[in-house]
Structure formats: structure tokens, C-alpha cells
Number of protein chains: 2
Amino acid sequence: MASIRERNKRLIIKTACQVFADTGFAATKTSDIADKAGLPKANIYYYFKSKEALYRAVLESIIEPLLQAYSPFHREEDPELALRAYIKAKVRISREHADASKVFASEIMHGAPHLSADSLAQLKTEAERSIERLRQWIADGRMAAVDPHHLMFTIWASTQTYADFDWQILEVTGRKKLQAKDYDAATDLITRLVLKGCDVQPGSTQDSHTAPA
Amino acid sequence: MASIRERNKRLIIKTACQVFADTGFAATKTSDIADKAGLPKANIYYYFKSKEALYRAVLESIIEPLLQAYSPFHREEDPELALRAYIKAKVRISREHADASKVFASEIMHGAPHLSADSLAQLKTEAERSIERLRQWIADGRMAAVDPHHLMFTIWASTQTYADFDWQILEVTGRKKLQAKDYDAATDLITRLVLKGCDVQPGSTQDSHTAPA
DNA sequence: GTCTATATGCTGATAGAC
DNA sequence: GTCTATCAGCATATAGAC
């Protein structure tokens, strides 16, 4: 069973994640987090050394999913499968880790002043390996000679946007909350633009949301 | 000639734009802005009622360019020309109004708590009109039946990213500062993905950066 | 491990001399 | 129109009882 310590830390991180995503690091008061978690403020400080330490815990929680998302680039031999799976994984992160994604985005926007050097290095390594893989596929004539850096930036941006700018997307679509079919439609559109845009020959695989896991 | 009042207000807004983009609204101290502008802090308050009023002035400065960018959707009859021009205009905004773009993005990320209802309504109207235009082109068989909302989200995200996540882009590309050719390459890639992805027949027009204005 | 009360420092904003 | 000195309020963080 989870110790009381673990249970409380988890509750605090989860709540902090929501509040930091909503209002950003600087504008967030530790009392906001405490109130929302149903705890007195001092309790936060019993489990976390400082507001910044809590923020870093939230921030680091998204690193592992982001690193994992790159695995199709190592696993797949085929650019179509790799790109499909990567886009799908990235949209899934925007859906399943929406708040942490937003905290991460805000951090990156301001030059990542709180992100650990280790996390940064890992993310950079994975990005570079994946871009190298794209370069190889291009050299092998398996996709068009697009700029692999810019291709990555477009994939990052278009998938992240469903977490980062969720408010805007809800406004424009008139939805109250994004549904599974919305994320599927997003995945399909982004996948379509990328595959057709890079002249990747469509194989026998299905649309992302109908494909087997 | 510009009055001393106008000149100072402009200097303060320009400086504030940089600082707000760097550190965000809440984390920015008015003294940071004053120091960077070479003025005593009280001078800021002589020209602007409050930190928030100054922030709103910065925020509103990007609205007009953003609204203007939609004009190709009204001007052009041809989806190819409209999409090319819109993407080009959006990348140009990310380049020429990088700081204000970033401030705007941060504001949208947190649900636009400071944006005026008027600006919001105008932006929404333009977005909806443009999406309606896409829908018409699709109905007329001039482009593939993609989801026009998601297409817009991808265009917004992929063009904005060059302002919002400039730090990340510099890290990954190893550049010190983005050059004209980088923005051109970005425009070309995004345009390619969108046009090929939507089965828009490429006409006689050139790549964005070689096309006549 | 929990929580109340409080100290400490910082920042937005202003008063008032020049 | 400019600037120094200062205030008032608020948020982080802790002391210490339970």
C-alpha cells in the first residue's frame, strides 16, 4: 500500500500541475494549490522544500512520456509507420498529460530556466537522433527531401497545440471539452499533412485511431 | 515631430514587450522594464496607470497584424494563393513581431484573462470567416475534404512556433539567431505540407520567398 | 504528520521635491 | 515632465503547538 507520505505528495503534485497549467508558475500562489488540494498551506511545505521545488517535480513528470514518444523512430524501419506512431503518441500526450504539457510549454517558452540540465540533454539527444533518422530516410529516397528540422518543429507544434492552446481550440470549435473523436480527427489531419507532404508512400496501415495498438 | 509623450510611451511599450515576452506577465517586475528602458520606475507609472495597463497595451499591439493576416482569405479566389499568402503572413508575424507574438501566446495559453472582449470578438470573427471559406472550397471540390478547424489549428501552431518556442528552435538547430533563410525554409515546408496534404493543385506560383509581394 | 499564527522580504504603486 | 524616497500589501516560508 502507498505510504501516507507518497499519497500526499502525489495529491499535491497532481493539484499543483492543474494550478500551474492554469495560471503559470509566477502567478500561482502556494495557497491556491493548498486550497484546491484541501490542505493547509504549511502542509505543502512539509512535503516540498519550496514552491520552486514543487514546480520542478511537476515539470519533470512530463519528461519520461516525452522521451518515450520518440521510440517509434528507433523501433520502426518504415518512415510511414514511424511518423504515424510518433504523431499519435504526441497527440496522446497532449490529451492524457494536458496540464503537464502546458506547464512544460510555458517553461520552454521562457527559455527553460527551471528544467534540469539532465532532462534537457536527454530531450535534445532524442530529438537529434530522430532528426538523423529522418535524414537517413531522405537519403535512402524513402521520403521527399524536406528539411527534417522544420518537419519536426511542425509536428511538435501541431500536436502540442491541443494541450497548450486548448482554450483557443474550445473557443473556435464551440466545444465544452475535447472528445476522443476530436483528438482522432487532429491525429488524422496532422498525419495526412505530414505523410502526403513528405511523399511518404501510404502503405497498408489504417488511420491512427482505428489501427491496432 | 513626435511629442515627448509619444516618444516615451513608445519606448516603454517596446521595452515592456521584450521583458514580458522573456519572463511572462506575473514574473516581470516593473523595475525590470524601467531599468532596461533606462528610466526610473516612477516614470513608467507616469505614462501607464498600472503594470496591467502597460501589459494590455503590449497585448493589443499584436491584434491588428493578426487580423490583417487573414486578408488573403477574403482577397483570393484561389485556395492555393490564399493558403500560401496566409502562411507567409503568419510566419512573417512570428519573425517581425516575435516578442508581441509570444506575449499573445502566453495570454491565450492561460485563457486570455487580459484580452479585451472586442479584440477577442474580432479575432474569432476572422477565424470563423476563414474557416467558412475553407469549407466552401472543399464543397466546390477545390481542395480535399479535410477538417477545416484542424487545418487552421495546424497552420496557427506551426507558424506561431517560430516566435513562441524560438529558444527551443535555436537549441535544436544550433543557431544563435534565426536568419531570413530559416524563416523561408519554414514557410516552404509548412506550405508544402498544407498544399499537398489538402490536395490543392499547385499552380504557377513560386515558393513563398521568391514570389513577388 | 497536521495546522495556526507569524516573520520576512519583495514589489506595485504613490507622494512630493525638483 | 522627471525622479527619490517610501508606503502598503501580499506571498513565501517557518516556528512551534498539537
Side-chain angles (χ1 to χ4, degrees), chain A residues 1-60 103 106-107 110-111 113-116, chain B residues 1-61 99 103 106-107 110-111 113-116:
Chain A
M1 63 185 181
S3 69
I4 192 164
R5 185 170 192 89
E6 277 312 306
R7 208 157 39 84
N8 273 343
K9 280 190 83 166
R10 220 179 288 273
L11 169 66
I12 292 168
I13 288 182
K14 188 182 153 196
T15 310
C17 188
Q18 293 171 21
V19 182
F20 283 137
D22 264 13
T23 47
F25 173 70
T28 295
K29 296 175 268 188
T30 50
S31 61
D32 291 344
I33 298 170
D35 291 351
K36 188 153 187 173
L39 295 170
K41 195 177 59 173
N43 212 315
I44 306 282
Y45 285 94
Y46 176 72
Y47 289 105
F48 295 90
K49 201 185 87 211
S50 65
K51 175 183 168 183
E52 200 186 320
L54 173 54
Y55 175 77
R56 277 199 301 266
V58 168
L59 198 55
E60 294 292 332
V103 172
S106 189
E107 174 71 10
H110 301 122
H114 301 98
L115 199 59
S116 73
Chain B
M1 63 184 182
S3 68
I4 192 165
R5 184 171 193 88
E6 277 313 305
R7 210 159 36 87
N8 272 342
K9 280 189 82 166
R10 219 179 291 272
L11 168 66
I12 292 168
I13 287 182
K14 188 183 154 195
T15 310
C17 189
Q18 293 171 21
V19 182
F20 283 137
D22 263 13
T23 47
F25 173 70
T28 295
K29 295 175 270 187
T30 50
S31 62
D32 291 343
I33 299 170
D35 290 350
K36 187 153 188 173
L39 297 169
K41 194 177 63 172
N43 211 316
I44 308 280
Y45 285 93
Y46 177 71
Y47 288 105
F48 294 90
K49 200 184 88 213
S50 64
K51 176 184 168 182
E52 200 186 321
L54 173 55
Y55 176 76
R56 277 198 301 267
V58 169
L59 198 55
E60 295 292 331
S61 74
D99 287 330
V103 172
S106 188
E107 174 71 11
H110 300 123
H114 300 99
L115 199 59
S116 73

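Chain naming here is simple, since letters A, B, ... match the order of the sequence lines and numbering starts at 1 in each.
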Which heavy atom of [X] sits nearest a heavy atom of [Y], and at what distance?
X     : Y     : result
A/I12 : A/I33 : O-CG2, 4.3 Å
A/P40 : A/A34 : C-CB, 4.0 Å
B/F48 : B/A57 : CE2-CB, 4.1 Å

- Query: Which angle, rounded to 10°, do you find between the first-five-pair axis and the last-five-pair axis of the helix from C/dG1-D/dC18 to C/dC18-D/dG1?
  - Reply: 0°

- Query: Got a sec, which residues hit side-chain hydrogen bond (donor to acceptor under 3.5 Å, both in side chains) with A/N43, two or more places apart in sequence or on another chain?
  - Reply: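 Testing A/N43 for side-chain hydrogen bond (donor to acceptor under 3.5 Å, both in side chains), a comparison that skips the adjacent residues, returns none.
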
- Tell me, please, which residues at least two apart from B/T28 pass side-chain hydrogen bond (donor to acceptor under 3.5 Å, both in side chains). B/T23

- Message: Whether the side chain of A/E107 engages the backbone of A/L59 through a donor-acceptor N/O pair (distance < 3.5 Å, no angle test) should be reported.
- Response: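 Side chain of A/E107 to backbone of A/L59, a donor-acceptor pair under 3.5 Å: no, none is there.
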
- Message: If we ignore hydrogens and angles and just use 3.5 Å, is the side chain of B/S61 paired with the main-chain N or O of B/V58 as donor and acceptor?
- Response: yes

Roughly, in whole Å, what's the span from [atom1] in [X] to [atom2] in [N]?
X     : N      : atom1 : atom2 : answer
B/F48 : C/dG12 : CZ    : P     : 15 Å
B/E52 : C/dT11 : CD    : P     : 18 Å
A/K51 : D/dA11 : NZ    : P     : 9 Å

- Heavy atom of residues 5-40 of chain B under 4.0 Å from DNA chain D: which residues? B/R5, B/N8, B/P40

- Could you tell me whether A/R10 sits above the aromatic face of A/Y47, with NZ or CZ closer than 6.0 angstrom to the six-membered ring centre and within 45 degrees of the axis? no

- Out of D/dA15, D/dA13, D/dT4, which nucleotide sits closest to the side chain of A/S50? D/dA13

- Query: Between C/dC3, C/dT2, D/dT2, which nucleotide gets closest to the side-chain atoms of A/Y46?
  - Reply: C/dT2

- Item | Phosphate contact (C/dA13 OP1 or OP2) by B/Y45 side-chain N/O below 4.0 Å | yes

- Message: With a 4.0 Å limit, can you tell me whether A/Y47 has a side-chain N or O closer than that to the phosphate oxygens OP1/OP2 of C/dT2?
- Response: yes

- Query: Is the closest basic N to carboxylate O distance between A/R56 and A/E60 below 4.0 Å?
  - Reply: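 Not counted as a salt bridge, because no side-chain N and carboxylate O are separated by less than 4.0 Å.
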
- Can you sort out the partners of B/Y55 under ring pair (Phe, Tyr, Trp, His ring centres under 6.0 Å), two or more places apart, ordered by chain and number? B/F20, B/F25, B/H114

At a cut-off of 3.5 Å, list every protein nitrogen or oxygen paired with a nitrogen or oxygen from nucleotides 6-9 of chain C, distance to 0.1 Å.
none

- Query: Do the non-hydrogen side-chain atoms of A/N8 and A/Y46 ever get within less than 4.5 Å of each other?
  - Reply: no

